[in-house]
Amino acid sequence: MLRALGGSLRAPCTRPPSRALPRSALARLSSTSRAPPPPPTIFAPATGMGKSAISILRISGPDALEVWRRMTLPARGRTQSERTRSEPPVRRAVLRRIVAPDGELLDEGVVLYFPPHSALTAQPTLELHLHGSPALMQLLLRLLPSLGSGFRVAEPGEFTRLAFEAGKMDLTEVEGIRDLVEADTEAQRKLAARQASGQMRAAYDSMRGEAIEAMALIEALIDFGEDEGISEGVYEQARQKAVDLSERIRKYLDDGRRGEILRQGIHLAIVGPPNAGKSSLLNWLAQREAAIVTAVPGTTRDVVELALDFHGFPVHVADTAGLRKTRDEVEAIGIERAVAKAETADIKLCVLPLDELFPSSSSSSSSSSSTSSTAPATPHIDPLTLSLIDPYTLLVLNKLDARGPPTRAQLEALKGYLRREGRRWAGARAGAGPREESDEFALVSVRDGTGLAQLAERLKREVKRRFELSDALEETPIVTHERHRRHLEDTLSSLTAFLELPSDEIVLAGEELRYAVRSLGQITGLVDTEEVLGEIFRGFCIGK
Ligand SMILES: Nc1nc2c(ncn2[C@@H]2O[C@H](COP(=O)(O)OP(=O)(O)OP(=O)(O)O)[C@@H](O)[C@H]2O)c(=O)[nH]1
């Protein structure tokens with residue numbers, strides 16, 4: 001029932017159903033307007049334009065078979081049967097000579113033909129698998145328009161758009177395919193593959209089904225409201241359905257934006273005072289000299305950001321300017337940017353140099369474990385740095401080699417200090433809640449490598465705990481796009497508005513539920529606007 005409804009709403013994808021014209025008006029319009037022009041035959045390379053073993057040229061549209069007839073011949077030593085003269089075999093690879101319309105031999109390659117019923121675009125589609133020569137591809141792109149006026153180069157994402165318009169994919173699957181092409185890491189690939197396979201479509205379709213059921217009950221009340229026997233308890237049933245659906249949507253939305261963050265990359269900010277070793281840590285993570293390291297405090301002035309594949313997760317690591325009071329205008333801007341980065345980061349690493357954290361009256365930097373044991377157990381953290389530490393910040397105590405390990409008393413003093421300053425959860429709250437407090441410290445020396453493997457391991461655990469998808473396919477699908485979140489929030493506000501109405505306002509109630517159904521339909525593309533489609537398909541490469 002849902003699919004059938006969806007199908008009827010999908011047809012003119014630019015027009016919402018509530019504004020659809022009545023049948024009689026449509027009939028009048030169609031009798032006076034001219035027949036639409038035939039669709040074009042579009043073509044584009046489906047593979048990159050560089051040199052490669054093979055490259056594929058995809059052609060789709062009513063005249064696609066002209067390419068078979070006028071630009072291909074049987075392979076050397078083969079004869080052409082009467083049947084294959086005008087139509088290639090269906091979905092079977094055939095070796096053919098590829099020729100220009102004037103007969104010049106261009107290449108020998110494999111040709112594949114998909115008739116409308118099996119082509120994703122629902123149009124006759126031909127694929128030429130050629131040798132990967134940019135010159136050959138360029139020549140073919142120039143020659144194809146000479147086959148007829150209907151031939152033109154495809155726009156970005158146009159093949160996929162045809163598939164969407166033919167009802168072979170919904171918008172979440174389209175986005176899934178785009179994300180799969182864009183995926184740089186294993187976690188992104190996994191997320192995109194699930195979406196492309198229709199897992200999210202199924203979830204959103206079922207939510208929409210629930211909203212439609214509630215709406216149908218209210219519509220029934222509007223139609224048969226006078227009839228006592230029928231209307232009894234119907235409003236309550238609709239209410240209950242709206243309550244259950246709201247609950248389900250709230251759970252979806254309350255996911256810490258895991259899917260969206262994973263898709264776009266996890267933002268990790270390295271913050272701390274000057275000269276703490278932040279740039280050195282970034283370089284170690286990147287395994288290259290990405291940021292300048294000197295002994296001069298305040299060397300890093302601006303945010304230095306790089307993208308890493310961290311154990312299969314996409315991570316954008318940002319090294320930031322050292323935090324301190326300054327009169328230097330340029331440095332002050334850098335510090336502002338550092339604070340902004342830290343505030344929007346998904347994970348924060350705060351690097352504190354041990355020699356400054358536990359200042360010793362007798363020594364400044366020389367290595368001696370006795371210095372640390374005699375140092376006063378009162379840590380010092382600059383107020384700006386302190387303001388950026390929260391219960392989830394991973395504290396990296398660096399320069400272990402220069403200072404020796406801090407004593408147990410010093411670490412306890414540090415914990416107490418952070419709690420007193422409100423930077424860690426106090427007493428009973430520690431470890432409570434769905435997340436654990438990162439109340440342990442990573443003791444490292446970026447210079448000699450001590451503790452770095454353990455730090456990387458902890459970071460990996462944290463990333464996995466927050467962002468890893470379970471391998472179970474039945475896992476609740478998660479929100480992967482800001483667009484989906486927006487429509488879910490709209491749905492939720494319509495359901496809330498419905499639930500707040502007095503029960504005699506059934507016309508308004510029906511209207512609110514219709515909005516909810518519409519918002520859910522916008523996620524999969526059952527109801528859509530040209531703007532949304534433009535935005536989604538623009539993100540594709542040509543040939544997809
Ligand atoms: N002894 C020791 N020195 C270190 C260690 N890590 C970094 N350093 C030194 O500390 C100085 C500052 O290092 P950076 O990595 O530039 O520190 P930063 O926090 O980025 O400094 P700013 O640019 O001032 O914010 C350099 O001389 C590094 O060689 C360490 O583990 N031990």
Side-chain angles (χ1 to χ4, degrees), residues 268-306 308 316-343 345 347-360 363-372 375 379-389 393-406 410-411 414 441-456 458-459:
L268 185 153
I270 306 177
V271 293
N275 236 8
K278 301 182 296 297
S279 303
S280 307
L281 185 60
L282 174 93
N283 290 349
W284 178 77
L285 283 167
Q287 293 293 298
R288 66 184 171 91
E289 298 298 309
I292 300 170
V293 170
T294 74
V296 181
T299 299
T300 306
R301 290 296 185 98
D302 205 347
V303 176
V304 178
E305 196 153 21
L306 46 93
L308 295 180
H316 301 285
V317 191
D319 176 24
T320 59
L323 304 166
R324 64 174 170 184
K325 272 212 173 86
T326 179
R327 286 169 193 272
D328 183 311
E329 203 181 325
V330 179
E331 191 180 7
I333 296 172
I335 290 173
E336 254 174 50
R337 290 185 180 178
V339 172
K341 256 292 159 218
E343 284 172 349
I347 298 179
K348 267 182 291 178
L349 286 189
C350 180
V351 185
L352 300 169
L354 277 163
D355 50 352
E356 283 176 29
L357 186 61
F358 300 113
S360 142
S363 162
S364 54
S365 66
S366 64
S367 77
S368 146
S369 49
S370 64
T371 344
S372 52
H380 171 74
I381 302 177
D382 168 81
L384 194 50
T385 302
L386 193 63
S387 70
L388 293 181
I389 299 174
T393 309
L394 186 53
L395 287 173
V396 181
L397 311 189
N398 188 29
K399 304 200 181 181
L400 202 53
D401 61 295
R403 183 80 193 166
Q410 284 175 320
L411 289 179
L414 178 57
F441 311 111
L443 289 164
V444 305
S445 162
V446 184
R447 177 166 288 177
D448 70 14
T450 309
L452 289 179
Q454 290 89 327
L455 171 63
R458 288 185 58 175
L459 212 49

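Every number for a ligand or one of its atoms is a count from 1 in the order of the listing.
Applying the 4.0 Å criterion to heavy atoms of T299 picks out, from ligand 1, the atoms 22 (P), 23 (O), 24 (O). Of all the atoms in ligand 1, the ones that sit under 4.0 Å from a non-hydrogen atom of D401 are 1 (N), 2 (C), 30 (C), 31 (O), 32 (N). For ligand 1, the atoms lying closer than 4.0 Å to a non-hydrogen atom of A276 are 17 (O), 18 (P), 19 (O). Within ligand 1, the atoms closer than 4.0 Å to a non-hydrogen atom of G322 are 25 (O), numbered from 1 in the order shown. The ligand atoms of ligand 1 that sit less than 4.0 angstrom from a heavy atom of P274 are 24 (O), 25 (O). Which parts of ligand 1 touch A295 is read off a 4.0 Å heavy-atom cut-off, strictly below it: atoms 27 (O).
Closest approach of R403 to D355, counting heavy atoms only: CD-CA, 3.8 Å. Of all non-hydrogen atoms in R324 and L384, the two that sit nearest each other are N-CD2, 4.2 Å. The heavy-atom pair separating V271 from A338 by the smallest distance is CG1-O, 4.4 Å.
Residue, atom and distance of the protein heavy atom nearest to atom 23 (O) of ligand 1 are T300 N, 2.8 Å. For atom 28 (C) of ligand 1, the nearest protein heavy atom (residue, atom name, distance) is V293 CG1, 3.7 Å. For atom 26 (C) of ligand 1, the nearest protein heavy atom (residue, atom name, distance) is T294 O, 3.3 Å. Remark: minimum distance from atom 15 (O) of ligand 1 to any protein heavy atom is reached at S280 OG, 2.5 Å. Closest to atom 9 (C) of ligand 1 among all protein heavy atoms lies R447 NH2, 3.9 Å. In terms of protein heavy atoms, atom 11 (C) of ligand 1 is closest to N275 OD1, 3.3 Å. Looking at atom 10 (O) of ligand 1, its nearest protein heavy atom turns out to be K399 NZ, 3.2 Å. Nearest protein heavy-atom neighbour of atom 25 (O) of ligand 1: K278 NZ, 2.8 Å.
For CD of Q287, the number of neighbouring non-hydrogen atoms (other residues, nucleotides, ligands) closer than 6.0 Å is greater than 12.
Using a 4.5 Å cut-off on side-chain heavy atoms (C-beta onward), L281 and V351 make contact.
Residue N398 touches ligand 1 through its side chain alone, judged by heavy-atom distances below 4.0 Å. Of the heavy atoms in P297, only backbone atoms (N, CA, C, O) come closer than 4.0 Å to ligand 1.
With hydrogens and angles ignored, the 3.5 Å screen pairs no side-chain donor or acceptor of N398 with any backbone N or O of L354. Side-chain atoms of K348 never come within 3.5 Å of backbone atoms of L268 as a donor-acceptor pair (strictly under, hydrogens ignored). Without hydrogens or angle criteria, T393 side chain to L395 main chain gives no donor-acceptor distance under 3.5 Å. Listed for the T320 side chain is a donor-acceptor partner under 3.5 Å among the backbone atoms of I270. Judged purely by atom type and a 3.5 angstrom limit, N283 has no side-chain atom pairing as donor or acceptor with the backbone of E289. Judged by distance alone, with hydrogens and angles left aside, the side-chain atoms of D382 form no donor-acceptor pair with the main-chain N or O of P273 at under 3.5 Å.
Side chains of D448 and T450: a donor-acceptor N/O pair is present below 3.5 angstrom, by distance only.
Close N/O approach between V446 and ligand 1 is found [any backbone or side-chain N/O within under 3.5 Å]. Considering both main-chain and side-chain atoms, G298 comes within under 3.5 Å of ligand 1 through a nitrogen or oxygen pair. Considering backbone and side-chain atoms together, G277 places an N or O closer than 3.5 Å to an N or O of ligand 1.
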